[in-house]
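For reference, the structure is listed below as structure tokens.
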Amino acid sequence: MSFLQLSKVSKSYEGPAGGQSILVFQDANLELEPGQSAAIVGPSGSGKSTLLNIIGALDKPTSGIVQVDGQNIPELQDKAAAAFRNLTVGFIFQIHHLLPQCTVLENVLVPTQAGHTKKEHVGVINQRARSLLGDVGLSQRVQHRPGELSGGERQRVSVARALINQPKILLADEPTGALDQENSSNLVDILLKLQKEKNLTLIVVTHSMPIAEKMDQVYRLENGTMQKL
Amino acid sequence: MLLRCNIAHFWRRNLGVILGSALCTMVLAGALLVGDSVRESLHRIAEQRIGQVDSLLFTEDRFFREALATQLEEKLDATAAPIFILRGSVSNPDADEETGQIARVPNIQVLGIDERFFQLAPRDSAASLPLEDGRVYVNQRLAKRLAIDNGATLNIRLEEPALFSRDAPLSGTSDKVARISRQKVSKILGPEEFGNFALHGSQIPPYTIYIPIQSLRDGIETEGQKANLLLIGKSAQTEFSTNMANDVLEEVWALEDGGIEYLKVNDGRDWSLRSGSIFINHVLEKGFRKVAPATNAGVMTYLVNAFEANGRTAPYSFATAFQPGAAPELPNNLADDEILVNQWLAEDLGLKPGSELSLKYFITQGRRELKESTATFKVRAILPMPKKFSKGQESDWTPAFPGLSDEENCRDWEPGFAIDENKIREKDEDYWDDYRGTPKAYINLSAGQKMWSNRWGQTTGIRIPVHKIAKDDLDNTIKEYVTASDAGLHFKDLRGKALESAKGSIDLGEYISYFSFFIILASLALTGMLFVFSIEQRNQQAGVLLAIGYTEGKVRRLFLIEGIVLAIAGGIVGCILSLVYAKGILWGLTNVWKDATGAMQFDFTTNFVAISMGFAIGIFMAAIALWLASHKQLRKEPRELLNAGDQLEIRTKGRPTGKLSHFLSIALFVGGLLYITFTGGSGSGAASANFFLSGFLFLLAALFFFNGRLARIAYHQGDTPDLNVLGFRNTARRRGRSLVTIGVLASGVFMVVAVSSFHVTGERDWEKKTSGTGGFAIVAKSAIPIYNDLNTKQGREEFGLDEKILAKTNIVPFRVREGDDASCLNLNKATEPTILGINPSELAGRFKFAGTKHDWSLLDADKNVPDILPGIADQNTVTYALQQKLGGLIDYKDENGRPFQIRIAGVIQGSLLQGRVLIAEKYFIEKFPSQAGYRYFLADTKSEEIETVAAHLSNILHDQGMEAHPAWKRLGEFLAVQNSYLSIFQALGGLGLLLGTAGLGIVVARNLMERRHELGLLEAIGYSLQSIRKMAIVEHRWLMLWGLAAGTGTALIAVWPAILSRQGGFPASELGVLLLGLAASSLFWIWLATILSLKNSAIPDLRKE
Ligand SMILES: Nc1ncnc2c1ncn2[C@@H]1O[C@H](COP(=O)(O)OP(=O)(O)O)[C@@H](O)[C@H]1O
Ligand SMILES: [Mg+2]
């Protein structure tokens, strides 16, 4: 069995007040091993984010199995799901959602304070955060506020933040959606580099075929079905 | 066009603006309405008190003919009602104490009336109340107090009034208490039926019993159709005035009305002009002498306890001092040390011309203490005896001394002191039978006046030859030189005074506006903040408008006008709410804070002017708040507005250090401190503008401090970003918002804390001489004056007071000139407050003066300007009831209607002497010589005996209507009033707090709503909803703590002077409890707002872009 395996995952939303339920997708299958990367493409509204959120325990499928490391994710209770998100998964969203009141370094540290990790020595996690910021090319900006960074830089901070708890899976939902071409490819390069280095399972949702083609596998989600290209 | 769309579309978002301006208008207009209603109600009460009376003539112990009323009525074309008004007490012999009936009410007003009284009642229909013999009416207050109904039977006790001052020597016995028994109550009079009739202004009517005037006169054994109070009103003349009444009075008064008498003496050769008060006062004497300027002769007859010569004694005789011309048989050139004696005395003592003769006589000092003095004369000649008197005849020389002249026997004499009957011999009785009060000796008038003149006068008769004035002319001739006013007859303008005092000393509306100050500020701050919220939500719209070429000014105007239109809508809502709000406060004043108002019922008046004023001011202030808020908001670049992240405020270029804020904070703080040091700040109480100004400065200082602090927090770094750190840092994200929250909370806390530290209690420290009780244990009041010194054995025996119970008791008596109650128990303005006359040395070291160098000896100071007397009064009385300051002058009229003034020479603090003005007894008796005896008392006693002694005094002196209470209790009643006011203000502060917490709640909700993405992310990366809530609570808990700290800190500084002078010391535990309560309730609201705004996971918000 694969490290990350989706079998026959379906999702539909309840229709408006007793109406017909709205099917987003049906019988989606996906298999990934550590160190593998995948892209999900498809028109907007096709359910890409929904699928990613199901993998990341932010959402539950209507039916089907989502297994990570042998664990069925939809069955996780709230607390376990939170711990899963915190420790096993790293999220990168289209909007960075950095906390404006915190410095870059502090923003990276935020996931360490969610209470799922063992109390690590401040020096240790600080060191790890600094080295991650170095990895994303921001070692000079650790004391800056998000407000003082460019869009690309902010998104790189969120990459560092996604990795601070040493997750096994990295989920990126249109991470370059708000970035220009140059910043986009820069970010994707960083993502892929770190994925290889840390042997992560990476799933990227994107509209850009050039970006998608940099991944090991590409899936297309359209009209409720997912196809491996 | 745009404006209309905007309002139509966004009004819901601007609900905050509507609410804020509604609140502001409500509070303002409400306060004004309360003020108006209180004034109107006092006006109504004043009208009920005086009915349709315009002027009154009140002669107290002097009586005039009832016929005067008829004469005035005709000449003035008005209604005039003659009344006998006396103080007394009433008892209910059938009282069933188990059903709550009370056996006795001391200190009531007894009105002897006829039907004319009711013609002047507030309501015309009351005019036909028939009052039969043996029936009485009582007013509602008395009925309620006694818990009686129609048909109850009451006994009345009164002092028999005396023309001749009971303080004077030879004034007869002092304890003449009359009883009118078994009077059946046939009606209970309501306010419209004149049930609230009173001479002095207060919202609380006196206890009153109404009895047919003739029954009253019979009860007190007064002869003739007399009265001592005349009311005039309902004049048909349009330009009726008190002066007109006085002019007519001048025409129609008779000598009899002024207590002026005359009779023929010296076998019809001379007139002797006399006074019903025995001694002729200075004004009358002057007038009498003018009747025959060159040929008048003064006479002074006095009781001599003993003539002594050659070891022999003749007891209890009269002697006369005369001026040349008083009688033909007397020589014109008597020297001051010479005396003429009659045959009888010469024989009795063996006197010959040239013999020495000494006279023993009493003079009175203060409290009816008699001092025997002796003077020695040389006999110049011996006079023959007159013919023996026939029955009913009296000596030409001797006026009718009460208790003497009408007695059959010497032994029955009651001259006002104990007669030693053993000294009276058979021949003395014979002399009394044969010659009555014929003087046994004569001296020169100046020699006599040296011994016997007193404050009531220095003659007992003025003689003028009959041939100068014919009998028919005598009345008119005397009236030429003696005016009605000289004779103590003058009308006072009752209506004018009543309406003036109804204007109210305490403008509750004004105070409520003061205390609403912070509420208004708070609601404005909230309005501004909510307006900013709505503008923020429309940043993009603003950006678009700017981008398509609208100028910034135009965009701002657009938003502003929109805001103002909504504010006006809110204002209209506020006006409607203000009616409810004002009604609520009035209800509170009657029911909750009743100590402050005597549970007075207020009429609610809807005053259009008040409402529109509240409306105008409310809208104006809201507009300013909106302007300030939008001003800042639109000073942004269009690009920024278009991008409109919620990050807008985190502009991070150029780190503010908060230095300027800290500087301003310190400057304002120092300013506030200087302000309270130089103005005395809040020392003068909660309701002072000083208090609010200094408080405002301190609060601003605190806000600047937090502004600086927040600016710094925004640049904190290097912490591990756990929930506490995140929450703490969040406070700095929206500095303006956080400051509004802190500020609004702080104002509420400021009010509540500051006011609660003004709360006072009377019980603590009452034993201290400098406390509000002056260290006195008991305070007592009597309805009927006490003439004797209750500290002497003799004085106590007189009433049967128990020497043992009173062994450790010392009583300080005060003379009382009844006037308006100027204490905080009276809502009316006191124009002529009650005067107390005291011996300043008896209060030495008592009470606490506002001026450090002041003490009671101030009262003894010479009048440096004639007719300006030094006076001392309580601070509250001076400030609120009199609206005066140290050095201010209060106008009075003396007993004869002549004006004088009392200058406030000293001010005492927080005392039970509230409501009165104190002057030295020596000046008191000069201005009010016939105001005899003492009616107010403060007493020292051992603290464990207070109740016993008070009960003893009340019981034994119950005929005198004595009411004695522990002093601290009485003080407590005054303090309860003060505390009641404070509670009103505290309630308003509480309203401010409510706003503060509402603001806090709104800010919590708003913050969390704005940050939902961010919270969603936190959740996505593994934070539980619970821990995110915790973070929100931490953040807002800081705001709350800072608000509490700012409010408490500034309040304590602002009231520090008051706390230092507070009797109970620093109220640490009360404040602690209060603050804990505040913290707990704020926390609750934070928690609730957090739970409600973060009910569900924020993860779905992550997808909303
Ligand atoms: N809470 C919801 N209720 C109903 N429909 C939803 C909900 N969330 C998402 N959808 C629908 O699910 C579909 C997939 O959405 P999404 O996964 O965001 O698409 P994508 O990321 O591919 O653009 C959309 O049609 C959207 O309308
Ligand atoms: Mg999507």
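First the proteins, then the strands, lettered A, B, ... as listed; each starts at 1.
- A/Leu58 touches chain B through backbone and side chain together, each having a heavy atom under 4.5 Å away.
- Contact count versus chain A (heavy atoms, under 4.5 Å) is highest, among B/Leu726, B/Leu1025, B/Ile713, for B/Leu726.
- B/His1036 and B/Asn1007 share a donor-acceptor pair across their side chains, judged by distance under 3.5 Å alone.
- Interface check for chain B: of the options A/Thr103, A/Val110, A/Asp78, A/Leu109, the most heavy-atom pairs under 4.5 Å are formed by A/Val110.
- Only the side chain of B/Leu1018 comes within less than 4.5 Å of a heavy atom in chain A; its backbone stays farther off.
- In summary, B/Lys1030 and B/Glu1035 do not engage in a salt bridge, as defined by a charged side-chain N under 4.0 Å from a carboxylate O.
- Using a cutoff of 4.0 Å between basic side-chain nitrogens and carboxylate oxygens, B/Glu1010 and B/Arg733 are not scored as salt-bridged.
- A donor atom on one side chain and an acceptor atom on the other are not found under 3.5 Å apart for B/Ser738 and B/Thr741.
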